[in-house]
Amino acid sequence: MSNQTKTVRVEKPRGTRDFLPDEMEKRRAVERTMRKIVESYGYREICTPTFEHLELFTLKSGEQIVEEIYAFKDKSGRNLALRPELTAPVMRVFVNDCAVMPRPLRFYYFANCFRYERPQKGRYREFWQFGVELIGSDKPESDAEVITLAYTILRELGLDFELHVGHVGILRNILKGIDAETSSKIFRLIDKNKIDELESFMLNSGLENVYDKVIAVIQAEDIDSLPDFAESDVEKLRRVCELLDVCGVDYSVNTRVVRGLDYYTGVVFEVYAENLGAQKQICGGGSYRLAHVFGGENVPSTGFAIGFDRVMEICSPEVQKPLKVAVVHANQLEESIKLATKLRKELRNVVVVTDVMGRSLKKQLSYFSEFDFAIIVGKREVERGYYTVKDMKSGKQEELELEELIEKLFEKTSAWQKEQKTN
Ligand code: HAM
C-alpha cells in the first residue's frame with residue numbers, strides 16, 4: 001500500500017470569495033467608517049452564532065424558505081441553518097436575554113450571512129451585512145433615526161444612490177383577510193414590479209375590488225395622492241418623511257417598496273445604487289414585529305442591513321498605510337531580531353519586519369524595496385552601537401544611535417499620520 005498523500009487542487013465553494021490583503025484593507029476601512037457612525041448614534045455591537053436552529057427562520061417565513069438557505073442536520077439530527085440574515089437572531093437574543101432591559105435597545109452587527117442563491121455579480125452565497133436593530137419603539141422618530149443612519153453611512157462613503165421609502169402596512173391592510181399564500185404572491189409580484197402579472201393573477205383569483213385599491217396605492221406618485229382608506233399608515237409615513245426632511249435626508253416616497261421578507265409591518269425602505277446592474281439594492285430595512293413569534297412580547301422594532309459586498313463594488317475608500325520599516329542584517333540575525341522587537345515596543349503604528357529567509361543583505365534590501373526605511377545591522381554597527389538608516393525612496397543613508405533612531409522614526413510616523421489624515 002502506498003502512503004503517498006493524494007494531491008488535489010481544491011477550489012473555493014461556489015458563491016464564496018477569498019479576500020487578499022489589499023482588498024481586506026479596503027473592507028476594514030469601510031467597516032471602520034460604518035462602525036464609527038452607528039456608534040455615534042449610540043448603537044452597540046452584538047454578535048450571534050453563525051448557525052441557528054432552522055425554525056428561527058421558518059417560524060415566520062414558512063417552510064419554503066428552506067429552499068433558499070443552507071439548512072442541514074448535525075450529527076445528533078438537529079435541524080440547523082447557517083444564518084441568512086441577522087434580524088431573527090437578534091430578536092431571539094432580545095427575547096431570551098434582553099427583554100427586561102430598558103428600552104429602546106440599539107444594536108448593530110457586522111457579520112457573514114449565507115443564502116443558497118444563484119451566484120452572479122453582487123449576489124453571493126456567503127456575503128456580509130452591516131446592520132442595526134432599534135428595538136422597543138413604534139414611533140415615527142425611530143423609523144426616521146434608522147433611515148437617517150443608513151443614509152448617513154452611505155453618504156459618508158461617497159456613494160451615488162437613491163433612497164425609496166414606503167409603508168408596507170398600507171397594502172397589508174388592503175389584503176387583510178386574504179390567505180397568506182395569495183397575499184405573499186401579490187407582494188412578490190409588486191416587489192418585482194410585475195404589474196401585468198399582478199393584474200391577471202388578482203383578477204383570476206376573484207380579487208377585482210382589492211386589485212383596484214392595490215393599484216391606487218402602488219401608482220400613487222407621492223403621499224398626498226395616496227387613497228384615504230389607509231389613513232393612519234399614511235399619516236405615519238407622512239410624519240417619518242417630515243422627520244427625514246428635518247434630518248436633511250434626500251428620499252422619494254415609493255409605495256411599491258414591500259421588501260422580500262415577511263416580518264415587516266410598517267415603514268419600509270430600500271436603497272439602490274447606480275452602476276450595480278441587476279443587484280443594485282445596497283440596503284433594505286423597515287419596521288417589523290418578530291419578538292412575539294419567538295415567545296416574547298409583541299415589541300415593535302425597526303432596522304436595516306447594508307449589503308457590504310455590494311457597497312465594496314462601488315466604493316473606493318482611503319486606506320491608511322502605516323510607516324513600514326525593515327530591519328535587515330549582514331550575518332547579525334539575532335541583533336536584528338532584538339532591534340526589531342525594541343522598535344515595535346517603542347513605536348506605535350509602525351510596521352517592523354525582519355528577514356526570515358536567510359537572505360544576503362543585498363537580497364533583503366531588494367525584497368524590502370517598497371518599504372519606507374531599512375535599518376541595516378552589521379558587525380561594525382553592533383560593535384560601535386549605531387545603525388545605518390536607509391531612506392528607501394531617496395536612497396539616502398545616515399548613521400544613528402538607538403535613541404536617535406527611535407526619535408527619528410517617531411517623528412516620521414507622526415508626520416506620516418498627519419499627512420494620511422489630510423489626504
Ligand atoms: P435583505 O434585503 O434581505 O434584508 O438584505 C439586506 C441587504 O443584503 C440587501 O439589500 C443586499 O444589499 C444584501 N444582500 C442580500 N442578499 C445578498 C446576496 N446573496 N449577496 C450579496 N448581498 C446580498 C435583510 O436581510 C433584513 N434582515 C434587513 C433588516 C434589518 N430589516 C430590519 N432589520
Side-chain angles (χ1 to χ4, degrees), residues 13-17 27 30 34 38 43 46 48 52 56-57 60-61 65 68-70 82-94 104-135 137-138 142-143 145-147 149-150 153-154 157 159 161-166 168 187-188 191-192 257-273 276-291 299-315:
R14 190 165 141 77
T16 66
R17 286 148 308 144
R27 289 173 74 89
V30 172
M34 294 182 172
V38 296
Y43 287 73
I46 185 166
T48 64
E52 295 273 359
L56 185 71
F57 306 108
K60 183 71 192 168
S61 302
I65 193 143
E68 295 159 32
I69 66 182
Y70 280 86
L82 298 182
R83 59 178 170 219
E85 55 113 41
L86 279 102
T87 305
V90 170
M91 291 320 287
R92 173 187 60 66
V93 178
F94 168 73
L105 291 151
R106 288 182 169 87
F107 290 140
Y108 83 86
Y109 47 80
F110 177 57
N112 53 348
C113 302
F114 306 83
R115 294 186 190 177
Y116 199 74
E117 311 234 41
R118 200 157 36 80
Q120 53 178 270
K121 188 172 148 59
R123 193 204 267 166
Y124 308 102
R125 289 184 171 176
E126 183 189 28
F127 61 98
W128 273 257
Q129 283 190 345
F130 189 99
V132 308
E133 309 298 341
L134 170 51
I135 306 167
S137 167
D138 66 351
S142 61
D143 290 327
E145 173 176 307
V146 162
I147 298 173
L149 193 43
I153 292 173
L154 299 171
L157 294 171
L159 305 181
F161 61 85
E162 280 180 19
L163 163 63
H164 290 205
V165 183
V168 78
F187 274 118
R188 264 205 314 280
D191 189 33
K192 301 219 157 76
V257 175
V258 291
R259 311 283 298 126
L261 296 152
D262 293 307
Y263 44 64
Y264 295 101
T265 48
V267 170
V268 284
F269 65 102
E270 289 181 349
V271 181
Y272 314 111
L276 263 181
Q279 305 306 318
K280 64 178 183 169
Q281 196 198 115
I282 54 171
C283 175
S287 57
Y288 60 91
R289 285 175 184 265
L290 204 48
V299 179
S301 306
T302 176
F304 68 76
I306 292 176
F308 190 82
D309 308 87
R310 293 183 188 174
V311 163
M312 288 311 301
E313 301 259 349
I314 47 170
C315 192

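When a ligand or atom number is given, it counts from 1 through the structure's own listing order. Position 1 is the first residue of the sequence, and the numbers go up from there.
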Among all protein non-hydrogen atoms, which one is nearest to atom 12 (O) of ligand 1, and what is the separation to 0.1 Å? Gln281 O, 2.7 Å

Taking atom 15 (C) of ligand 1 as the reference point, the nearest protein heavy atom with its distance: Arg115 NH1, 3.5 Å

Ala305: numbered ligand 1 atoms lying under 4.0 Å from its heavy atoms: 6 (C), 7 (C), 28 (C), 29 (C), 30 (C)

Of the protein's non-hydrogen atoms, which lies at the shortest distance from atom 13 (C) of ligand 1, and what is that distance? Gly307 CA, 3.5 Å

Looking at residues at least two apart in the chain, or sitting in another chain, which of them share a side-chain hydrogen bond (donor to acceptor under 3.5 Å, both in side chains) with Asp262? none

Show me which atoms of ligand 1 lie under 4.0 Å from any heavy atom of Ile282. 10 (O), 12 (O)

With a cut-off of 4.0 Å, which atoms of ligand 1 are near a heavy atom of Glu133? 30 (C), 32 (C), 33 (N)

Ligand-residue contact atoms, ligand 1 with Tyr264, heavy atoms, under 4.0 Å: 26 (C), 28 (C), 29 (C), 31 (N), 32 (C)

Determine, using heavy atoms of Tyr263 and all atoms of ligand 1, whether some pair is separated by less than 4.0 Å. yes

Under a 4.0 angstrom heavy-atom cut-off, which atoms of ligand 1 come close to Gly285? 31 (N)

For ligand 1, find out whether one of its N or O atoms is nearer than 3.5 Å to an N or O atom of Gln129. yes

Under a 4.0 angstrom heavy-atom cut-off, which atoms of ligand 1 come close to Glu85? 25 (O), 26 (C), 27 (N)

So, is Asp309 polar-close to ligand 1, with some N/O to N/O distance under 3.5 Å? no

How close do Met34 and Ile153 get, heavy atom to heavy atom, and via which atoms? CG-CG2, 3.6 Å

Filtering Gln279, Arg118, Arg259 for the heavy atom nearest atom 1 (P) of ligand 1 leaves Arg259

Once you restrict to heavy atoms under 4.0 Å, what part of Phe304 touches ligand 1? Side chain, backbone, both or neither. backbone

When only distance counts, is Tyr109 in polar contact with ligand 1, meaning an N/O pair under 3.5 Å? no

Which donor-acceptor pairs under 3.5 Å do the side chains of residues 281-288 make with protein atoms, sequence neighbours left out?
from   : atom 1 : to     : atom 2 : distance (Å)
Gln281 : OE1    : Arg259 : NH1    : 3.4
Gln281 : NE2    : Glu270 : OE2    : 3.4
Ser287 : OG     : Val267 : N      : 3.2
Tyr288 : OH     : Glu133 : OE1    : 2.7

Residue part near ligand 1, for Pro84, under 4.0 Å between non-hydrogen atoms: neither

Pull out every atom of ligand 1 sitting under 4.0 Å from any heavy atom of Thr87, numbered as shown with elements. 26 (C), 27 (N), 29 (C), 30 (C), 31 (N), 32 (C), 33 (N)

Does ligand 1 have any atom sitting under 4.0 Å from a heavy atom of Gly122? yes

Do ligand 1 and Arg123 have nitrogen or oxygen atoms that lie under 3.5 Å from each other? no

